[in-house]
Number of protein chains: 4
Amino acid sequence: MKEQSPTAILLMHCPDQPGLITQMTDFIHVNGGNIIYLDQHVDRVHHVFFMRVEWELQHFVIPADKIEEYFHTLYAVKYQIYFRLYLNDYKPKMAIFVSKMSHCIYDLLARYTAGEWNVEIPLIISNHPDLEEIGTRFGIPYHVFPVTKENKAEQEAAELALLKEKQVDFIILARYMQVITEHMINRFPNRIINIHHSFLSAFVGAKPYHAAFERGVKLIGATSHYVTSDLDAGPIIEQDIARISHKDTVETLVHKGQDLEKIVLSRAVEKHIQRKVLTYKNKTVVFS
Amino acid sequence: MKEQSPTAILLMHCPDQPGLITQMTDFIHVNGGNIIYLDQHVDRVHHVFFMRVEWELQHFVIPADKIEEYFHTLYAVKYQIYFRLYLNDYKPKMAIFVSKMSHCIYDLLARYTAGEWNVEIPLIISNHPDLEEIGTRFGIPYHVFPVTKENKAEQEAAELALLKEKQVDFIILARYMQVITEHMINRFPNRIINIHHSFLSAFVGAKPYHAAFERGVKLIGATSHYVTSDLDAGPIIEQDIARISHKDTVETLVHKGQDLEKIVLSRAVEKHIQRKVLTYKNKTVVFS
Amino acid sequence: MKEQSPTAILLMHCPDQPGLITQMTDFIHVNGGNIIYLDQHVDRVHHVFFMRVEWELQHFVIPADKIEEYFHTLYAVKYQIYFRLYLNDYKPKMAIFVSKMSHCIYDLLARYTAGEWNVEIPLIISNHPDLEEIGTRFGIPYHVFPVTKENKAEQEAAELALLKEKQVDFIILARYMQVITEHMINRFPNRIINIHHSFLSAFVGAKPYHAAFERGVKLIGATSHYVTSDLDAGPIIEQDIARISHKDTVETLVHKGQDLEKIVLSRAVEKHIQRKVLTYKNKTVVFS
Amino acid sequence: MKEQSPTAILLMHCPDQPGLITQMTDFIHVNGGNIIYLDQHVDRVHHVFFMRVEWELQHFVIPADKIEEYFHTLYAVKYQIYFRLYLNDYKPKMAIFVSKMSHCIYDLLARYTAGEWNVEIPLIISNHPDLEEIGTRFGIPYHVFPVTKENKAEQEAAELALLKEKQVDFIILARYMQVITEHMINRFPNRIINIHHSFLSAFVGAKPYHAAFERGVKLIGATSHYVTSDLDAGPIIEQDIARISHKDTVETLVHKGQDLEKIVLSRAVEKHIQRKVLTYKNKTVVFS
C-alpha cells in the first residue's frame with residue numbers, strides 16, 4: 001500500500017431529515033477539510049440516513065484528536081447522530097480465531113503479509129494446537145486454549161484478558177468451531193466476523209454441505225456476518241455462491257465450499273478494515 | 001433450428017454394475033446406430049448408474065417404433081433398467097399455466113416463436129383473465145378457469161380433460177399462483193415444472209422477497225423444480241442468484257427477482273425439452 | 001409501476017472543487033425540495049465531479065419549467081457544470097431498430113408491455129420485413145426501410161424524418177445489422193444504444209462467436225454501449241459473460257450468446273431510462 | 001485427502017469412429033478393471049474423439065507397469081490413438097516460478113500444505129530474491145536466477161538442469177514476469193501453466209488493467225493457459241471475470257484482478273493435477 005496522507009473517516013446514521021448532507025459536508029468544507037469519499041444511503045422504510053465520508057486532514061483546522069468531541073457537540077446531539085470516527089493513521093489490531101481447518105487463515109495471512117490491508121495481527125487464538133505451525137511460519141504468536149464444557153468460562157476469561165492486553169480491536173472467526181458466549185460478544189459488538197459455510201438462511205446448522213447434497217441444490221453458498229447472540233443470525237456483510245451439479249459428492253462440495261468460504265470471509269474482512277460497513281437493525285449498509 | 005436427421009434419445013438409470021456402458025453402446029453400435037451424444041453418471045453413494053445416449057437412426061436396423069420393446073426385452077429386464085425413449089421427430093406438447101404476472105410467459109413464448117425449442121404449445125391455462133391478450137398476440141388459445149375453494153376439484157377436472165384432449169405432455173407453471181393438487185401431479189409425474197421465487201430452501205413460502213429484505217441478505221435466488229406433492233420440495237432442475245445490496249427495497253428486489261425467475265425457468269424448460277433431466281430419489285441428474 | 005409524485009432528476013459533471021455537494025444540495029434544500037436520491041463520484045485522475053440527484057417537486061418553489069434556467073444562471077456558469085435535467089412526469093420516446101433476430105426486441109417489448117419502464121415506444125424501424133408480425137402483435141407501427149449501398153443516405157434521411165415526427169428521444173439497436181452513419185449519430189449523441197455480441201474489446205467484428213470458438217475461450221461476453229462514430233468503441237454501459245466449455249459448438253455459442261445479449265441490452269436500456277448513465281471521455285458513470 | 005485404492009487414468013484422443021467407447025470400456029471391463037470415472041467428448045467439426053477414463057486396478061489382470069505397452073499394442077496403433085496413462089499412486093512434481101508478487105504463490109502453497117492436491121513441490125524458481133522468505137516459511141528450496149539479456153540462455157540452462165535433477169513434471173508460472181524461451185517450452189509441452197491478468201484475447205500485453213481502465217469496461221478477467229511459443233495464445237484452461245465500475249481506479253482494478261488471478265490459476269492447476277485437461281489444436285478439453 002502506498003503512503004497516504006492523514007484522513008478521517010466518519011461513519012454515521014441518524015433519523016432522516018432535510019439538509020443533512022449539506023450540514024455534514026459543510027462541517028468538513030468550512031473547516032478546511034477536502035472530501036475524498038462520500039457515500040450515503042437513506043432507508044426510506046425506517047427513515048434513517050446513513051453516511052460514510054472521508055476527508056484529508058492536512059488543512060483541517062480542528063486537531064485530529066478533537067474532531068470526535070467537536071462533532072459530538074456541534075452535530076451529534078442536535079441531529080441524534082450515532083457515529084464513529086476513524087483516523088487512517090491508526091492501524092487497527094485484529095485477532096484470528098481458528099480450529100483445525102487452514103484455508104481461511106492462510107488467505108487472511110497471505111493478504112496481511114503482502115500488505116494488502118491496513119491492519120496488524122498481534123495474535124492467533126485456537127482451541128486446538130493443529131495449526132500452530134502456521135503461526136510459526138508467519139511469525140505470529142499462536143495461543144492454544146483447549147475448551148471443554150467445564151473450563152469454557154475460565155478459558156474465555158483468559159482469552160479476553162489476552163485480547164485486552166494486546167489491545168485487539170476486532171476478531172475474525174476463521175472457521176473457529178466453538179460457540180462464542182454472549183459475554184465475549186458484548187465486549188466486541190459488531191466487531192466479531194464469522195464465516196458460515198452456507199447460504200444463510202438456507203442451511204443453518206453444523207453440516208450444511210451434507211444438507212445441500214441431500215436436497216440436491218444446484219448452488220452452494222457461504223455467508224460472512226457479524227456475530228450476535230442469536231447464532232448465525234447476525235448482520236450479513238457478504239455472501240457468494242458456487243455452482244454445483246449432480247456430479248458433486250459431499251467431499252467435492254466441501255472442497256468447493258472451502259474456496260468460497262475463504263473468498264467471502266476475506267471480502268468481508270476487507271470491507272470492515274476499510275470502515276465501509278455500518279450496522280443497523282440487524283442488517284448492514286456496505287458502502288462500495 | 002436446422003433440420004436434423006432422425007435420432008433416438010435414451011434416458012435410463014439402473015443399479016450400477018461393471019460393463020454397463022459397454023452393453024448399452026454395444027446395443028446401438030452392433031445394430032447400426034451412430035452415437036452422437038453420450039453422457040453418464042454414477043451415484044457412488046446409492047450405486048446407481050445414469051445414462052443419456054442419443055444416436056442416429058438412419059442405418060439402425062431396429063424400426064423406430066420397436067426400439068422400446070427390443071430394449072426392454074433384451075436389457076431392461078436383465079439389468080433392472082428404468083428407462084424412457086424419445087424420438088426427436090416427435091414434437092412434445094407443453095401447456096403453460098399463468099396467473100397475473102407476465103414476465104415468465106413472455107420469455108417462454110418469445111423463445112417458442114423464435115423456434116428455439118422443439119416443442120408445441122397448444123394452450124395456456126389461467127385462473128385469471130388478466131393475461132388473455134398475450135394468448136391473442138401469440139395466437140395460442142387462452143383458457144380461464146377461475147378457482148375458488150368450492151369449485152377447485154371441478155375446475156381441475158375440466159383442466160385435466162382439456163390437457164388430455166390436447167394431448168399435453170408436460171406443464172410449465174409460469175408463476176401460477178394456485179397449489180396443484182396431488183391428483184394432477186400424479187397425472188404428470190416429474191412433468192410439471194415450477195419456478196419458485198427464492199433460493200430454496202432459504203425462504204420457502206409466499207413472500208420470499210420480503211423475507212430476504214428483512215433478513216438483509218446480499219443475494220436473492222430463484223429455483224426451478226419439478227412439482228411433487230411436498231410443496232416447494234420437488235427435485236431441483238436449475239437455480240441462480242442475483243446480487244443485491246442495502247440500496248434495494250422490496251420493490252427493486254421483486255424487479256430483480258423477476259428477471260432471475262424468467263431466466264431460471266427458461267433454462268429448466270430447455271433442459272427438459274432436450275430430454276437432459278433425469279430424476280432419482282427427489283434429486284435430478286442434469287446432463288450438459 | 002406505482003404512481004409517483006413529481007420529481008426532478010439532475011445529472012451533471014464539472015471540474016472537481018471543494019464544497020460542490022454542499023452547493024448542489026443547498027440549491028435543492030433551501031428552495032423546498034426533498035432529496036430522495038443522491039449519488040456522486042469523483043474521478044481523481046481527471047479531477048471531475050459527477051452527480052445524480054433526484055428531489056420531490058411538491059414544495060419546490062422554482063416552477064418545474066424554470067429549474068433548468070435557474071440552475072444554469074445560478075450554478076452552471078460559475079462552476080462550469082455540464083448538466084441535464086429530467087422531469088419524471090415526462091415519458092421519453094424510444095425507437096427500436098431491428099433486423100432479423102427477435103430475441104432482444106421480444107425482451108424489450110415484454111418489459112414495455114408489463115409496464116416495467118417509464119417509456120413510450122412509438123415505432124419500430126427495420127431494414128427487413130421479417131419481424132413485422134412482432135409489431136402487429138404488440139400494436140406498434142413497424143416501418144421497413146430496405147437499405148442498399150445506393151439508397152442508404154436517402155433511407156436514413158427518411159428514417160430521421162420519421163424519428164423527428166414521432167419526437168423520438170433515443171434509439172435502441174436491438175441487433176440491427178446496419179452501420180449507423182455519423183450523420184445519424186450526431187443527431188442522437190449518447191442516445192443510441194447498441195448491443196455487441198462480444199466481450200469488447202476481445203472479439204471486435206462481425207463473427208465474434210466464431211472467433212471465440214476458434215480461440216477456445218471458456219467465457220463469452222456481450223457488451224451494451226452508446227454508439228459513436230468509432231465502430232464498437234463507444235462508452236460501455238453494461239457487460240456480462242456466460243461460461244462455456246469444449247462441449248459448445250458455434251451453434252450453441254450463438255444460442256447462449258443470444259440469452260446474454262438480451263439481458264445485457266435490457267439492463268443498459270433500463271439504466272438509460274432511469275437517467276442513471278453519465279458519459280465522459282468515452283466512458284460511463286453508471287449510478288446504482 | 002483420504003487414502004485411495006490404486007487407479008489408472010487414461011487420457012486419449014483419436015479420429016472419431018463408431019464403437020470406440022465400446023472398445024475402450026471393453027478393454028478395462030474384460031480385464032477385470034472397475035471403471036469409476038468416464039467422460040468423453042466428440043468434436044464433430046474435426047471428427048475427433050476424446051476420452052478420460054479412470055479405473056480401479058485391484059483386480060486388473062494387466063500389471064500397472066505394463067498397461068501402457070498393452071494398450072499401445074492392442075488399440076493405439078489400430079485406432080491412431082494419442083494417449084497418456086497416469087497411475088494415481090505417483091505424485092507428480094510441480095515447480096513454481098515467481099517474480100515479486102506473492103498472491104498466486106501463497107494460494108498454491110496454502111492448498112499444497114493443506115493436502116488439497118496430489119502433488120509434490122520440490123522447488124521454487126525466481127528471477128528475484130524478494131519472495132525468498134515464502135520458501136523459508138513453507139520449507140521449500142527457493143532458487144534465485146537473476147535474468148539479464150546477456151545471461152538469459154545460460155540461466156535457463158541452469159534452471160533446466162535443476163528441473164531435470166528434481167525430476168519436475170510440470171511448471172506453474174505464478175506471475176513470473178519473464179518470457180519463457182521456446183527451448184524450455186519444448187521441454188515441457190503443455191506442461192507449463194501461466195496466469196494472464198486479462199480476459200484473453202481482450203487486453204493482450206503487459207498492462208491489461210491500465211488498458212481496461214482506459215477503455216471503461218465493466219468487467220475484468222483473468223486467463224490461465226498452457227504456454228506455447230506464441231505469447232499469450234496457448235490453449236486456455238480456465239477464465240473468470242470480476243465486475244467493476246466507474247468507481248474503480250487502476251489501483252483497485254489491480255487489487256481485484258489479483259484476487260481473480262489466484263483463483264483462476266489455482267483452478268487450472270487443480271484440473272491439470274487431476275489429469276482432466278486434454279489439449280488439441282490449441283484448445284483444451286477440460287473434463288468435469
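Protein chains get the first letters and strands the later ones, always in sequence-line order, with residue 1 at the start of each. Computed from heavy atoms alone, side chains included, the values below leave out hydrogens, waters and symmetry copies.
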At what distance, to the nearest 0.5 angstrom, does CD of D/Gln17 lie from CG of B/Asn34?
11.5 Å
Just wondering, are more than 12 heavy atoms of other shown residues or ligands nearer than 6.0 Å to CD in B/Gln58?
no
Does B/Tyr280 OH have over 12 foreign heavy atoms under 6.0 Å away?
yes
To the nearest 0.5 Å, what is the distance between CD (D/Gln40) and CD (B/Gln40)?
7.5 Å
Check this for me: B/Gln80, atom CD, are more than 12 non-hydrogen atoms of other residues, nucleotides or ligands nearer than 6.0 Å?
no
Within a reach of under 6.0 Å around NE2 of D/His46, are more than 12 heavy atoms found that belong to other residues, nucleotides or ligands?
yes
Answer yes or no: are there more than 12 heavy-atom neighbours, outside B/Phe83 itself, under 6.0 Å from its atom CZ?
yes
Side chain, backbone, both or neither: which part of B/Leu20 has a heavy atom under 4.5 Å from chain D?
neither
D/Ile28 portion near chain B, given a 4.5 angstrom heavy-atom threshold:
neither
Okay, D/Arg44 and chain B: the region with an atom under 4.5 Å from a heavy atom over there is side chain
For chain D, the option from B/Thr22, B/Ile21, B/Thr25, B/Asp39 that forms the most heavy-atom pairs under 4.5 Å:
B/Thr22
Could you tell me which portion of B/Ile35 (side chain, backbone, both or neither) has an atom closer than 4.5 angstrom to a non-hydrogen atom of chain D?
backbone
OH/D/Tyr37 to NE2/B/His41 distance, rounded to the nearest 0.5 angstrom?
12.0 Å
